[in-house]
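Everything on this sheet refers to the single structure shown next.
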Amino acid sequence: MTKIPEHGHCESCGDPVEFDEYFCSDNCSEEYRKDVKEAKRLDNVTYMIMGAGIVAAAVVAFAVRIFVL
């Protein structure tokens, strides 16, 4: 039976890398950095939309309470 040396996998593409490394190349490192940055941006946009929805719901509830009652 062949023994596979201890290794890890590239965080970006999944190729095998040495155990103490995270990326197989500078290109994969840059791609991963861009993906993380985009994910954070999308998270921030989602939080802003949710916040705006909560504020809008509160304004509508307040307006209904003032003008209807």
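Count residues from 1 along the sequence.
Nearest heavy atom pair, residue Pro16 against residue His7, reads CB-CD2, 3.9 Å. Listed here is the closest heavy atom pair of Cys24 and Cys10: N-SG, 3.5 Å.
More than 12 heavy-atom neighbours from other residues, nucleotides or ligands sit within 6.0 angstrom of CG on Leu42.
When the side chain to side chain contact (heavy atoms under 4.5 Å, CB included) test is applied to Ser29, the partners found at least two apart in sequence or on another chain are Phe23. Applying the ring-ring contact (aromatic ring centres under 6.0 Å, His included) test to Tyr22 and every residue at least two apart in sequence or in another chain returns nothing. Glu31 pairs by the side-chain hydrogen bond (donor to acceptor under 3.5 Å, both in side chains) definition with nothing, not counting sequence neighbours. Partners of Tyr47 according to the side chain to side chain contact (heavy atoms under 4.5 Å, CB included) rule, which considers only residues two or more places apart in sequence or in another chain, are Asp43, Asn44, Met50. Residues forming a side chain to side chain contact (heavy atoms under 4.5 Å, CB included) with Glu6 (at least two apart in sequence, or on another chain): Phe19.
Each of Ile54 and Val59 belongs to its own hydrophobic cluster when Ile, Leu, Val, Met, Phe, Trp and Tyr are linked at side-chain heavy-atom distances under 4.5 angstrom.
Sequence neighbours left out, the pairs with a member in residues 13-30 that pass salt bridge (charged side-chain N to carboxylate O under 4.0 Å, His left out) are Glu30-Arg33.
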